[in-house]
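Shown next, in structure tokens, is the structure this report addresses.
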Amino acid sequence: MNISAELIGWYEANKRDLPWRNTTDAYIIWLSEIILQQTRVEQGLPYFERFADKYPTVSHFAAAPEDDILRLWQGLGYYSRGRNMLKTAQLVQQHYNGVFPTAYEQLIKLKGIGEYTAAAISSFSANEARAVVDGNVYRVLARYFGIDEPINSPKGKKLFQQLANEVLDHERPAQHNQAMMEFGAMLCKPKNPACGICPIRLGCVAFKTNATTSLPVKLKTVKVRKRYFNYLLITEGDKVLLNKRGETDIWANMYDLPLIETDGTVEPHKLFELPDVQQIYGNGIAIRNIEPEIKHVLTHQQLFIRFIVLNGQPEKLQPGWFYTKVDNLNKLAMPKRIFIFIKDFFNF
DNA sequence: AACGCGGGGGA
DNA sequence: TCCCCAGCGTT
């Protein structure tokens, strides 16, 4: 018995009774599918009830003012779904005479309907043999077949769609799709999957190799953080004030200059009015020169670096700060941009 | 190919 | 906190 037959069997015995499962009305199914995009069933359910109640047909929906749609959508998030629904409802009213299409090739052209939703509506409303691939399906397939290709890479998306197509029960596409998703949501969950009662665990690669926690693989979206570094050049005779960096941040244990990091909203000439800065540097300090800002790009940080040359010395040396002779700078590991600035400044 | 778009729930 | 949720449109 293949995975699909097993899961359909499990589904029929364990499925939740959800209102959109009791109809083949493409409009109602569309309504539910849009609401459920990136949204848990429990969260979307009351919204579905309110929409289906207020707008029983696509003609009702198409006649609604956008304000009403968005008001009813309030609190559900991703509000472009609501706006796109209205456009689509109006188009269906005009071009399809108020009859919601059920064919994948027609659905995919509508605003707010992508591959997943087109496959869902066409299979649920007309038993068209289209395999859905949503977050649940990615997870079930990745675990069962032990695939570590990232699900959000272009290659991975293509691979999982193909695999979903191969697994699809062409005789029962609607049941198959429902089963895959219900199984992923109820049993093959992201965390703590219920492998103990899983009907397909004996064929599951992730179960057999104890890899459920590491599958599916998802590429991290490297979030780039913007940081604003004001580096201070402070000298005393032939010495310059340096800082040895800590363990945790970028450039760990390397050397740089005394640093004032801000959120980017502080004008450089006002830095020394900040209370905590004032406390360290006191009043015997004056700005001699402010260099133009340099953008320094790291893998997950963008640094906006500004060098400020000062006259005078700070009142309190902070941990890690020390004066050293300019001759000594070549021996210390420093971030390149900082080294270059100091080198140019002292012309060595 | 990468990013913005929301709010909620679970670990 | 971070991750994920019946994804899609834009750039």
Side-chain angles (χ1 to χ4, degrees), chain A residues 7 11 15-16 18-21 23 26 28-48 51 70-88 91 104 107-125 130-143 150-158 160-161 164 168 173-194 212-226 297 299-300 302:
Chain A
L7 292 183
Y11 171 71
K15 65 182 175 186
R16 291 170 288 182
L18 300 172
W20 47 84
R21 287 180 174 161
T23 181
I28 294 295
I29 292 167
W30 167 71
L31 198 53
S32 71
E33 290 300 338
I34 304 295
I35 287 174
L36 292 175
Q37 285 169 6
Q38 293 293 285
T39 304
R40 295 168 193 278
V41 167
E42 308 84 72
Q43 188 189 3
L45 189 51
Y47 286 84
F48 170 82
F51 270 97
L70 293 178
R71 179 64 184 84
L72 206 51
W73 201 272
Q74 189 178 100
L76 194 55
Y78 284 159
Y79 296 94
S80 65
R81 289 184 290 176
R83 294 194 295 272
N84 284 332
M85 283 183 93
L86 183 54
K87 291 178 193 161
T88 288
L91 188 144
Y104 181 95
L107 292 164
I108 194 72
K109 294 175 183 165
L110 300 174
K111 273 264 190 238
I113 297 183
E115 287 186 46
Y116 162 79
T117 307
I121 299 175
S122 63
S123 64
F124 297 154
S125 67
R130 298 277 183 174
V132 298
V133 183
D134 74 335
N136 294 306
V137 176
Y138 279 122
R139 190 167 56 253
V140 171
L141 294 177
R143 285 176 177 167
I151 61 173
N152 55 345
S153 71
K155 188 179 171 189
K157 286 182 183 174
K158 195 175 169 186
F160 280 98
Q161 181 69 59
L168 176 66
Q175 272 180 299
H176 169 94
N177 283 336
Q178 293 281 13
M180 292 286 289
M181 292 193 286
E182 186 79 342
F183 175 72
M186 305 298 293
L187 211 155
C188 195
K189 297 174 292 183
K191 292 183 179 175
N192 303 324
T212 52
T213 54
S214 57
L215 292 174
V217 173
K218 195 170 185 179
L219 252 33
K220 298 251 187 266
T221 53
V222 255
K223 203 163 117 188
V224 178
R225 184 157 61 116
K226 293 183 195 299
V297 179
T299 307
H300 45 280
Q302 287 180 359

Using a cut-off of 4.0 Å between protein heavy atoms and nucleotide atoms, how would you tag nucleotides 5-11 of chain C 5' to 3' with B, S and -? BBBSSS-

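- Rounded to the nearest Å, the gap between the C1' atom of B:dG9 and that of C:dC8 is 23 Å.
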Structure string for DNA chain B in dot-bracket form, Watson-Crick and G-U at under 3.5 Å, | interchain: |||||.|||||

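- Between A:L76 atom CG and B:dG8 atom P there is a gap of 10 Å when expressed in whole angstrom units.
- As rounded to whole Å, 10 Å separates atom P of B:dA2 from atom NZ of A:K157.
- Spacing of P atoms, C:dC3 relative to B:dC3, comes out at 15 Å, to the nearest Å.
- In terms of the salt bridge (charged side-chain N to carboxylate O under 4.0 Å, His left out) criterion, A:R40 has no residue partners (sequence neighbours excluded).
- Scored by the side-chain contact (heavy atoms from CB on, under 4.5 Å) test, A:A118 finds A:Y104, A:L107, A:I108, A:I113 as partners (sequence neighbours excluded).
- Of the two residues contacting DNA chain B, namely A:G75 and A:K191, the nearest-nucleotide position lying further toward the 5' end is that of A:G75.
- Spacing between atom OH of A:Y79 and atom C1' of B:dG4 amounts to 15 Å, rounded to whole angstrom units.
- Rounding to the nearest 0.5 Å places CG of A:L45 at 9.5 Å from CZ of A:R16.
- Proximity of A:P173 to A:R130: side-chain heavy atoms (C-beta onward) are nowhere separated by under 4.5 Å.
- Atom pair A:I151:CD1 and B:dA1:P shows a separation of 16 Å (rounding to whole Å applied).
- The ring pair (Phe, Tyr, Trp, His ring centres under 6.0 Å) search around A:F48 returns A:W20, not counting sequence neighbours.
- The pair A:K157-A:E115 fails the salt-bridge criterion, with no side-chain N (NZ, NE, NH1 or NH2) lying under 4.0 Å from an Asp/Glu carboxylate O.
- Spacing of C1' atoms, B:dG7 relative to C:dT10, comes out at 22 Å, to the nearest Å.
- Using C1' as the reference atom, C:dC5 and B:dC5 are 14 Å apart when rounded to the nearest Å.
- Note: NZ (A:K189) to C1' (C:dC4) measures 13 Å, nearest angstrom.
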Side-chain donor-acceptor pairs of residues 74-82 of chain A under 3.5 Å, sequence neighbours excluded:
{"from": "A:Q74", "atom 1": "OE1", "to": "A:R71", "atom 2": "NH1", "distance (Å)": "3.3"}
{"from": "A:Y79", "atom 1": "OH", "to": "A:G75", "atom 2": "N", "distance (Å)": "3.0"}
{"from": "A:R81", "atom 1": "NE", "to": "A:Y78", "atom 2": "O", "distance (Å)": "3.3"}
{"from": "A:R81", "atom 1": "NH1", "to": "A:I34", "atom 2": "O", "distance (Å)": "3.1"}
{"from": "A:R81", "atom 1": "NH1", "to": "A:I35", "atom 2": "O", "distance (Å)": "2.9"}
{"from": "A:R81", "atom 1": "NH1", "to": "A:Q37", "atom 2": "O", "distance (Å)": "2.8"}
{"from": "A:R81", "atom 1": "NH1", "to": "A:T39", "atom 2": "OG1", "distance (Å)": "3.1"}
{"from": "A:R81", "atom 1": "NH2", "to": "A:L76", "atom 2": "O", "distance (Å)": "3.3"}
{"from": "A:R81", "atom 1": "NH2", "to": "A:G77", "atom 2": "O", "distance (Å)": "3.0"}

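- Straight-line distance between the C1' atoms of B:dG6 and C:dC4: roughly 13 Å, to the nearest whole Å.
- Results of the side-chain contact (heavy atoms from CB on, under 4.5 Å) test with A:M180 over A:V133, A:V132, A:D134, A:L141 single out A:L141 as the only residue that passes.
- Counting heavy atoms from C-beta outward, A:E33 and A:Y116 have side chains that approach closer than 4.5 Å.
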